[in-house]
Peer 1: 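Before I ask anything, let me first share the structure, which is written out below as structure tokens.
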Amino acid sequence: MSLTDRDQGTAGAAANPPPGSGRRGPTVADVVRAVTEGPLPVRVTGYDGSAIGPTDAGITLSIRTERGLSYLLTAPGDLGMARAYVSGDLTIQGVHPGDPYEALRVVKDELRLRPPALAEGLALVRGLGWERLLPPPAPPQEAVPRWKRVVSGLRHSRLRDSSAISHHYDVSNAFYEKVLGPSMTYTCAVYRSPDDTLEQAQASKYDLVAGKLALRPGMRLLDVGCGWGGMVRHAAREYGVKALGVTLSRAQAQWAQAAIEREGLTGLAEVRHLDYRDAPPEQFDAVSSIGLTEHIGVRNYPAYFGSLADRLRPEGRLLNHCITRADNRAPHRSGAFIDRYVFPDGELAGPGRLISEIHDVGLEVHHEENLRQHYALTLAAWCRNLVEHWDFCVGEVGTGTARVWGLYMAGSRLAFERNGIQLHQVVATRNGPDGVNGYPLRPDWLA
């Protein structure tokens, strides 16, 4: 297929070259035509005045600068697209930047990419200029590549984990308050009905966790990776539990401690800025890990689950709540966009690997539940919050970071809906002598 085969509403095919370029060459529309096939589901416009795709498309992608085109050419796939979008060199009309879900859905479902033939690709590059293949500097929101992170230590060392957590969580507590809502809970909610509010669903999640752990007054709970202390505060307030949370984010710990004091829970609840590996060694009645396992690294699962098991008293219960792959064959490491912009060094395993590792440290698994559809609903609610408070959020963290969050949450929602990723809760016990586990014949939280 040649560069001129598919018109599809193309305008400006012979547009003048950008000022100062000194030559006439392929247009943005030519580039798009060369790397796609079939009808375009979106309109694409270029800084050079060219356009391709239906004029009545509901979604328009505008490549506004030469730098934006270079981002797309030098990092094909989600990383180049993210760089151009976050920097403002690529804009999307037809959706709000706080929730570009519909644009992502249309592109995923209907856009058909193809690698150009070798001769066609060479002609395109010669026409554009070889300098177009020199990657522009990445936007400031982007973390350095994995190989450069060694200056912060080996992957999943204490220093490097702390740096990765800070990249994602130490953004702005005020920003998180607007996006997450009053509960300040950055994990999957549990919906009794799609009509539940986000706050109702987050309270339901905490009640479900409390039920699975059989929490009651006087018990001691350790919550690792506790975020802003939502589980810790809920357990203390609603169940009379003495709860300790630990987090690697200093900003989270400070916010959580202030909330504990504000809610009159001092003496029952506490959050410390602490690595989970340094949590007190005394045996707790229950341990919850809600959204931490994704940051641990799969090769560290034995040490991680062993550490949690060591902190449980005999017959104590563990609840592990985390995102997983949909199967055990998928690669553990995240894609380029998630790794550079959202969760540096994040890793996911399949649910089978997770359960096997829990068993292998001597815990007994009793119950497993997949909540992936609930996470899709949760992400949709967070996107609605971001849209509603867009101006405030941009004022707090800047337009680029706000765009990252809209893109990440909308994309994650689509992945959960399509079963690309899942969310599993696993309940296990540390058994006492002779296999005594204190677990009822049937799950007591369902009674």
Side-chain angles (χ1 to χ4, degrees), residues 1-18 24-66 68-86 88-97 99-128 132 335-337 376 383 403 406-407 410-420:
M1 180 181 292
S2 75
L3 294 181
T4 59
D5 275 347
R6 287 180 299 124
D7 287 341
Q8 274 210 295
T10 300
N16 291 327
R24 188 182 303 277
T27 66
V28 169
D30 291 332
V31 175
V32 174
R33 189 180 294 108
V35 298
T36 61
E37 60 183 2
L40 284 178
V42 298
R43 181 79 167 165
V44 181
T45 64
Y47 56 87
D48 54 10
S50 67
I52 185 171
T55 56
D56 60 350
I59 305 294
T60 297
L61 307 181
S62 297
I63 301 172
R64 304 176 63 223
T65 66
E66 293 184 47
L69 182 60
S70 290
Y71 277 139
L72 297 174
L73 293 175
T74 57
D78 62 354
L79 182 59
M81 184 78 74
R83 286 172 172 169
Y85 180 68
V86 169
D89 297 308
L90 168 68
T91 59
I92 308 176
Q93 288 82 51
V95 293
H96 192 285
D99 188 8
Y101 170 85
E102 184 59 20
L104 298 180
R105 185 199 64 76
V106 168
V107 167
K108 179 177 179 59
D109 289 351
E110 303 176 34
L111 183 65
R112 296 164 58 192
L113 299 175
R114 70 173 182 97
L118 179 60
E120 186 180 14
L122 288 173
L124 197 65
V125 172
R126 281 197 299 268
L128 290 169
R132 190 69 68 237
F337 167 64
C383 279
R403 285 196 186 117
L407 188 63
S412 296
R413 172 189 168 188
L414 192 62
F416 279 108
E417 287 178 346
R418 303 296 174 83
N419 197 31

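Just so you know, residue 1 is the first one in the sequence shown, and it goes up from there.
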Peer 1: What are the two closest heavy atoms between G406 and C383, and how far apart are they?
Peer 2: O-SG, 4.4 Å
Peer 1: Test L61 against I63 for side chain to side chain contact (heavy atoms under 4.5 Å, CB included), laying out the working first.
Peer 2: CA-CA 7 Å; L61 307 181; I63 301 172; 5.8 Å; no
Peer 1: Yes or no on side chain to side chain contact (heavy atoms under 4.5 Å, CB included) for L111 and V106, after CA distance, side-chain angles and deciding distance?
Peer 2: CA-CA 7 Å; L111 183 65; V106 168; over 6 Å; no
Peer 1: Checking side chain to side chain contact (heavy atoms under 4.5 Å, CB included) for the pair L72/M81: CA distance, chi angles, key distance, verdict?
Peer 2: CA-CA 6 Å; L72 297 174; M81 184 78 74; 4.1 Å; yes
Peer 1: Please report the shortest heavy-atom distance between G411 and L104, naming the atom on each side.
Peer 2: N-CD1, 3.5 Å
Peer 1: Looking at residues at least two apart in the chain, or sitting in another chain, which of them share a side chain to side chain donor-acceptor pair (under 3.5 Å) with T74?
Peer 2: none
Peer 1: Quick check against the 3.5 Å criterion: does S50 have a side-chain atom that pairs as donor or acceptor with the backbone of A29?
Peer 2: yes
Peer 1: Measure the CZ-CG distance between R64 and L90 for me, rounded to the nearest 0.5 Å.
Peer 2: 9.5 Å
Peer 1: Judged by atom type as modelled, is there a donor-acceptor pair below 3.5 Å linking the side chain of R132 to the main-chain atoms of S70?
Peer 2: no
Peer 1: Kindly give the heavy-atom pair with the smallest separation between L79 and A336, and that separation in Å.
Peer 2: CB-CB, 3.9 Å
Peer 1: Quick one: pull up CZ in R33 and CD1 in I52 and give me the separation to the nearest 0.5 Å.
Peer 2: 4.0 Å
Peer 1: Checking R114 side chain against T36 main chain: does a donor-acceptor pair fall under 3.5 Å?
Peer 2: yes
Peer 1: Would you indicate whether the side-chain heavy atoms of L407 and F337 approach each other to under 4.5 Å?
Peer 2: yes
Peer 1: Does Y47 reach the side chain of V28, with side-chain heavy atoms less than 4.5 Å apart?
Peer 2: yes
Peer 1: Locate the shortest heavy-atom distance separating A84 from G68; write the atom from each residue and the value.
Peer 2: CB-O, 4.0 Å
Peer 1: Apply side chain to side chain contact (heavy atoms under 4.5 Å, CB included) to L128 and L69, showing your working.
Peer 2: CA-CA 10 Å; L128 290 169; L69 182 60; 4.2 Å; yes
Peer 1: Using the salt bridge (Lys or Arg N to Asp or Glu O under 4.0 Å) criterion, which residues pair with D89? Sequence neighbours excluded.
Peer 2: R67
Peer 1: Taking salt bridge (Lys or Arg N to Asp or Glu O under 4.0 Å) as the definition, give me every residue that meets it alongside D109, ordered by chain and number, with sequence neighbours left out.
Peer 2: R105, R418
Peer 1: For a quick test of reading the model, state the closest non-hydrogen atom pair linking A75 to R83 and the distance between them.
Peer 2: CB-NH1, 3.6 Å
Peer 1: Under the rule for side chain to side chain contact (heavy atoms under 4.5 Å, CB included), what residues qualify as partners of L118, not counting sequence neighbours?
Peer 2: L122
Peer 1: Could you work out, with side chain to side chain donor-acceptor pair (under 3.5 Å) as the rule, every residue matching R112, not counting sequence neighbours?
Peer 2: none
Peer 1: Between P41 and E110, what is the shortest heavy-atom contact and its length?
Peer 2: CB-OE1, 3.4 Å
Peer 1: Going by salt bridge (Lys or Arg N to Asp or Glu O under 4.0 Å), name the residues that satisfy it together with R403, two or more places apart in sequence or in a different chain.
Peer 2: none
